[in-house]
Amino acid sequence: MSTRQDTRQVLFVVHTVASANRLLDLVPIFDSDLRVELLFTCPDASAIPTGVDHCFAQLGILPIPWTQALDRKFDLAITANHRGDLRKLSAPLMIVSHGVGYTKNSARKTENGKRKTENGNTVYGLTRDWLLHDGEVIPDALVLSHREQWHRLARDVPEALGTAVLAGDPCLDRLRASAFLRERYRERLGVRPHQQLVVISSTWFSRSVFGSWPDLFRQLIAELPFDEYRVAAILHPHVWFGHSPHQLRLWLADCLRAGLLLVPPVEGWGATLVAADVIVGDHGAVTTYGAALDHPVLLAAFPEADVAPGTCVHELGRRAPLLDRDRPLRPQLDQVIAEFRPGQHHAVADLVTDLPGEAAARHRALAYELLGLAEPEEPVLTPPLDPDRLIPGTHGKPGAALAFRVTGEVRADGVVTLRRHPADVFRARPLAAPRLTDQHLVVHSEHPDPALRQAAEIVFCHPAELGSGPDILLAANPFCALLAELTADGCVLHHRDGSRIRLTPDAAVDPLALASAAFLHEKPPERFVVEIAAQRVAVRVSPG
């Protein structure tokens with residue numbers, strides 16, 4: 001029996017995890033209002049419902065079955081999709097876009113297999129076949145983020161114009177409201193101040209980045225020095241749950257071992273986008289939001305036929321350069337970063353919303369009008385994105401790589417210079433990656449590839465992985481010259497003769513780099529200097 005029985009009930013109809021991301025931005029408009037109770041359901045007609053139940057469980061939501069939702073009366077229903085028997089719900093229906101406005105051409109097909117068209121317009125969510133049933137308009141309120149959508153609706157479905165409400169884009173407002181946490185997001189992702197965070201963004205379907213160029217992830221990781229760049233992947237929830245999280249991680253297993261930050265499909269993507277230095281993407285909403293946040297953008301895929309003309313995504317396709325697959329990737333990436341000027345994507349941002357900063361207030365006003373309730377007196381909230389929604393780490397650190405190819409030298413002045421590339425993305429793949437000479441191999445003691453471990457000059461571990469001592473690990477890897485034990489304040493090197501030395505830097509640096517520097521020195525002096533990326537660190541050598 002319910003404890004609260006005098007509430008107005010709002011039903012959130014969540015078709016997919018992608019829709020959940022959008023609808024979660026609207027939950028705070030009901031913050032602390034004891035008059036309103038939120039209920040959640042997933043329709044039977046969802047295209048990819050897999051993952052929605054897990055999303056609900058993560059958030060502590062107890063959903064109601066769709067059949068029960070159809071049998072009950074609610075005071076308001078809110079959804080970000082058009083599929084299913086929405087018209088059968090006993091509630092005023094409010095539909096918001098589930099992406100960056102209404103920008104994708106619909107994949108709906110007729111009985112003969114050809115794409116449906118209405119007046120030459122196939123845009124998902126803004127055509128008659130999406131908005132009308134037997135000539136009647138389905139939603140009571142159709143929320144638009146920009147007036148260009150209003151003009152398209154007036155042209156193509158004038159019957160629905162009376163339901164249209166211009167209310168801005170709550171997702172972009174929340175991203176911008178989170179900008180002050182950028183450095184915290186970068187720290188949580190393990191990005192150091194001197195590093196560039198490269199975000200690869202892919203929507204779903206065969207013409208997306210991941211659908212058309214899946215090797216891009218390992219190609220970029222192979223070309224970019226590990227200590228100068230970090231690479232994160234934001235993949236559409238339909239990629240995660242159309243194939244399964246297990247399959248996705250298996251496809252990208254070598255990239256994950258090479259330090260790829262695979263961002264979870266709920267909410268963490270927004271914080272990663274705020275933290276980014278450059279976006280490599282496609283025609284998906286995430287890439288467009290990245291441009292609207294004033295980040296440099298390179299397009300690795302852009303199927304123009306899938307994009308509605310005159311939209312923010314179409315504008316992005318006109319302005320952002322295409323990544324050339326037949327040329328080295330790093331120079332193209334560096335060029336788009338170096339040539340970028342603040343405000344370069346303002347035309348894209350201006351088409352995402354023409355009501356910046358107003359989305360939460362306008363959505364709340366609309367919802368409470370449909371509920372027949374007076375709005376709360378307190379200001380509406382636009383909470384920043386939670387840093388704790390970001391990626392968990394490997395061996396306690398986000399984006400930790402399990403193997404490196406290291407090149408370096410000891411200069412005449414005694415300074416050791418290093419450059420490291422993750423080794424996993426080079427394995428058995430003829431990629432257009434830099435040719436590394438005079439390299440040595442550094443591999444984690446528990447790397448799943450024994451051939452890679454046994455070819456390593458340096459094997460490394462953390463104290464908890466050392467077990468009963470270094471002898472077992474040294475015996476298991478007979479060709480390694482050193483066992484590097486990574487500690488909180490540096491590194492301890494174990495030699496085969498039982499001797500050991502401790503390396504202590506005078507500033508924060510990856511302790512594994514110290515092991516490579518000592519290896520190049522062969523017999524390191526009591527003090528030496530390491531240069532890696534933009535860091536220059538003095539190292540003290542002492543008995544272990």
Side-chain angles (χ1 to χ4, degrees), residues 18 20-31 80 96-103 143-149 165-189 191 196-199 201 232 234 263 266-279 281 284-297 311-313 315-316 319-320 337 340-366 378-390:
N21 274 297
R22 171 60 57 147
L23 294 172
L24 287 173
D25 288 332
L26 299 182
V27 168
I29 69 177
F30 302 105
D31 185 87
V96 302
S97 73
H98 78 286
V100 58
Y102 296 88
T103 60
V143 179
L144 309 177
S145 58
H146 195 283
R147 65 172 62 92
E148 66 87 13
Q149 298 155 23
V165 180
L166 193 61
D169 189 301
C171 180
L172 181 57
D173 284 356
R174 196 171 178 204
L175 289 167
R176 286 172 169 169
S178 304
F180 77 100
L181 289 173
R182 172 178 164 83
E183 294 306 319
R184 187 170 173 196
Y185 297 149
R186 290 171 68 85
E187 181 182 1
R188 182 69 180 84
L189 288 165
V191 180
Q196 301 271 17
L197 176 59
V198 180
V199 172
S201 165
I234 299 174
V263 181
V266 180
E267 288 217 316
W269 69 268
T272 305
L273 205 59
V274 171
D277 291 295
V278 61
I279 316 296
V286 172
T287 308
T288 308
Y289 280 127
L293 288 175
D294 211 23
H295 292 318
V297 173
T311 63
C312 53
V313 178
E315 186 68 20
L316 177 65
R319 294 176 176 273
I337 294 173
F340 184 77
R341 298 294 176 265
Q344 189 169 311
H345 294 310
H346 70 85
V348 176
D350 288 348
L351 281 170
V352 174
T353 176
D354 47 10
L355 295 168
E358 299 183 30
R362 287 178 176 264
H363 280 78
R364 187 173 80 169
L366 174 60
E378 295 78 13
V380 67
L381 298 182
T382 304
L385 296 158
D386 186 353
D388 292 334
R389 293 280 181 190
L390 287 167

* Could you walk me through whether Val274 and Leu175 pass side-chain contact (heavy atoms from CB on, under 4.5 Å), step by step? => CA-CA 7 Å; Val274 171; Leu175 289 167; 4.1 Å; yes
* To do: Mind running side-chain contact (heavy atoms from CB on, under 4.5 Å) on Leu144 and Val165 for me, showing each step along the way?
  => CA-CA 6 Å; Leu144 309 177; Val165 180; over 6 Å; no
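- The two atoms that bring Pro170 and Asp25 nearest to each other are CB-CB, 4.3 Å, heavy atoms only.
- Put simply, CG on Asp350 and CD on Glu148 are 12.0 Å apart, with the number rounded to the nearest 0.5 Å.
- Distance alone, capped at 3.5 Å, places no donor-acceptor pair between the Asp294 side chain and the Pro342 backbone.
- If you look at His146 and Tyr102, their ring centroids are not closer than 6.0 Å.
- Nearest heavy-atom pair, Asp173 versus Ala359, reported as atom, atom and distance to 0.1 Å: OD2-N, 3.0 Å.
- Annotation: Gln344, atom CD; neighbour count of heavy atoms from other residues, nucleotides and ligands within 6.0 Å is above 12.
- To the nearest 0.5 Å, atoms CZ (Arg319) and NE2 (His346) are separated by 6.0 Å.
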* Starting from the C-alpha separation in whole Å, work towards a yes-or-no answer on side-chain contact (heavy atoms from CB on, under 4.5 Å) for Cys312 and Thr103. => CA-CA 8 Å; Cys312 53; Thr103 60; 4.1 Å; yes
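- Contact check for Asp169 versus Arg22: side-chain heavy atoms found under the 4.5 Å cut-off.
- Put simply, CG on Leu166 and CG on Asp354 are 5.0 Å apart, with the number rounded to the nearest 0.5 Å.
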* Kindly indicate, with the supporting measurements, whether the criterion side-chain contact (heavy atoms from CB on, under 4.5 Å) is fulfilled by Leu172 and Val100. => CA-CA 9 Å; Leu172 181 57; Val100 58; over 6 Å; no
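- Between Ser145 and Gln149, the side chains place a donor N or O and an acceptor N or O closer than 3.5 Å (distance only, hydrogens not considered).
- Across all non-hydrogen atoms, the minimal contact from Arg186 to Ala275 is NH1-O, 2.7 Å.
- When all heavy atoms of Trp269 and Cys171 are compared, the pair lying nearest together is CH2-SG, 3.5 Å.
- Distance check: Arg174 CZ to Leu385 CG gives 4.5 Å after rounding to the nearest 0.5 Å.
- To the nearest 0.5 Å, atoms NE2 (His295) and CG (Leu273) are separated by 5.5 Å.
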* To do: Just do the side chain to side chain donor-acceptor pair (under 3.5 Å) check on Thr287 and Ser201 with the steps written out, would you?
  => CA-CA 6 Å; Thr287 308; Ser201 165; 3.2 Å; yes
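- For the residue pair His363 and Leu26, the shortest heavy atom distance occurs at CD2-CD2, 3.6 Å.
- Panel note: side chain Arg362, backbone Gly168; no donor-acceptor pair is recorded below 3.5 Å.
- Salt-bridge annotation for Asp277 and Arg182: present, with a side-chain N of the basic residue lying under 4.0 Å from a carboxylate O of the acidic one.
- Pairing each heavy atom of Ser178 with each of Pro384, the nearest pair is OG-CA, 3.3 Å.
- How far CG of Leu197 is from OH of Tyr185: 13.5 Å, rounded to the nearest 0.5 Å.
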